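Notes for the one structure printed next.
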Amino acid sequence: VSTQSTGTPELLSLLKAGKLASVLLNENMIVSTLHLSVAINRALHNSANATMKTKHINTEMVMCLSPNNNISASLGKFGLNTNTYNVVAVSVCDSEIDLAVAVQALKDVVKADLVNDCRGFFYDDFEVCDVYGVSKEELSVDTLENSVVMKIATKV
């Protein structure tokens with residue numbers, strides 16, 4: 001679910017208070033649905049195997065997007081911040097009913113259009129390359145998406 005949000009400060013306060021059962025991500029750092037899916041899958045795997053580095057699945061998803069193990073840096077780069085305009089919301093639920101409740105909670109608080117559209121993200125390729133350490137040489141033989149996915153899939 002992607003939004004064009006104007007109420008970012010309100011969303012930040014709700015997130016910090018634990019009133020949203022979703023993770024809100026900065027769209028500028030998400031290259032593709034595969035990139036996002038690998039991070040979500042890794043977070044769910046860590047949760048199932050009791051190897052999470054964080055206390056909650058939502059912050060674990062942010063952590064799994066990051067190329068490093070610093071949670072503060074991960075939240076700053078990939079999470080919602082005051083300069084975020086385009087937001088990707090991810091809700092992980094055990095049932096469709098729980099998912100419907102989480103989506104409705106988002107609809108109730110988000111001051112933007114909620115769009116269920118994952119055809120493409122508007123990412124900042126220079127910042128993504130910088131954060132993930134993707135070189136020009138690497139891009140000459142592979143795509144940015146593949147380079148980023150490989151880096152997060154093989155992160156220890």
Side-chain angles (χ1 to χ4, degrees), residues 1-47 51-92 102-103 106 109-156:
V1 177
S2 180
T3 68
Q4 293 185 347
S5 179
T6 57
T8 304
E10 293 86 7
L11 289 174
L12 275 170
S13 64
L14 288 170
L15 278 173
K16 289 178 182 177
K19 294 185 179 180
L20 286 179
S22 301
V23 62
L24 301 179
L25 304 168
N26 182 352
E27 184 186 30
N28 292 343
M29 297 304 296
I30 309 297
V31 174
S32 68
T33 54
L34 177 62
H35 177 204
L36 190 57
S37 296
V38 169
I40 293 167
N41 186 49
R42 185 163 184 155
L44 291 171
H45 177 79
N46 291 349
S47 176
T51 57
M52 290 195 342
K53 295 175 182 164
T54 65
K55 294 180 182 179
H56 196 273
I57 190 68
N58 291 341
T59 50
E60 189 71 14
M61 283 187 273
V62 175
M63 189 73 178
C64 289
L65 276 169
S66 178
N68 63 46
N69 290 319
N70 183 327
I71 188 63
S72 297
S74 301
L75 287 169
K77 279 289 178 196
F78 296 94
L80 186 69
N81 59 55
T82 55
N83 298 326
T84 304
Y85 180 69
N86 291 325
V87 177
V88 176
V90 178
S91 299
V92 176
V103 170
L106 276 173
V109 297
V110 173
K111 295 175 183 167
D113 295 326
L114 287 176
V115 182
N116 191 6
D117 182 8
C118 292
R119 286 177 286 171
F121 295 107
F122 298 107
Y123 60 90
D124 181 345
D125 55 348
F126 294 110
E127 187 165 1
V128 170
C129 285
D130 183 48
V131 167
Y132 285 99
V134 178
S135 66
K136 290 180 183 178
E137 292 80 18
E138 193 173 349
L139 291 176
S140 70
V141 295
D142 208 352
T143 65
L144 178 60
E145 177 186 44
N146 288 341
S147 297
V148 167
V149 167
M150 184 272 308
K151 289 179 188 283
I152 64 170
T154 58
K155 179 175 96 171
V156 179

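Keep in mind it's a predicted model, so treat the numbers as computed, not measured. For reference, positions follow the sequence shown, starting with 1.
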What residue among Asn58, Val87, Val62 forms side-chain contact (heavy atoms from CB on, under 4.5 Å) with Leu25? Val62
Heavy-atom side-chain proximity of Leu36 to Met61 below 4.5 angstrom: no
Check whether Ser140 reaches the backbone of Glu137 with its side chain - one donor and one acceptor, N or O, closer than 3.5 Å. yes
Any side-chain to backbone donor/acceptor pair from Ser47 onto Ala43? Under 3.5 Å, distance only. no
Rounding to 0.5 Å, atoms OH (Tyr123) and CG (Asn28) come to a distance of 11.5 Å
Please set out all donor-acceptor pairs under 3.5 angstrom arising from side-chain atoms of residues 147-154, sequence neighbours excluded.
{"unit_1": "Ser147", "atom_1": "OG", "unit_2": "Glu138", "atom_2": "OE2", "d": "3.2"}
{"unit_1": "Ser147", "atom_1": "OG", "unit_2": "Thr143", "atom_2": "O", "d": "3.1"}
{"unit_1": "Thr154", "atom_1": "OG1", "unit_2": "Met150", "atom_2": "O", "d": "2.7"}

Might you point out which heavy atoms bring Asn46 and Cys64 nearest each other, and give the distance in Å? ND2-SG, 3.8 Å
Which pairs with one or both residues in residues 16-38 pass ring-ring contact (aromatic ring centres under 6.0 Å, His included), sequence neighbours excluded? His35-Tyr132
Beyond-backbone contact of Val134 with Val128, side-chain heavy atoms, under 4.5 angstrom: no
Gap between atom OG1 of Thr54 and atom CG of Asn69 - 0.5 Å precision: 11.5 Å
Is a side-chain N or O of Lys53 found less than 3.5 angstrom from the main chain of Glu60, in a donor-acceptor match? no
Measuring from Asn68:CG to Ser74:OG, what's the distance to the nearest 0.5 Å? 5.0 Å
Enter the distance from Ile57:CD1 to Ser91:OG here, rounded to the nearest 0.5 Å. 12.0 Å
Is the shortest side-chain heavy-atom distance between Met63 and Met52 below 4.5 Å? no
Rounded to the nearest 0.5 Å, what's the gap from CG on Leu75 to CG on Asn70? Could you check? 9.0 Å
Once salt bridge (charged side-chain N to carboxylate O under 4.0 Å, His left out) is applied, do any residues pair with Glu145, and if so which ones, sequence neighbours excluded? none
Report yes or no: does Lys155 contribute a side-chain atom to a donor-acceptor pair with the main-chain N or O of Ser66 at less than 3.5 Å? yes
Just wondering, do Leu65 and Met29 contact through their side chains at under 4.5 Å, heavy atoms? no
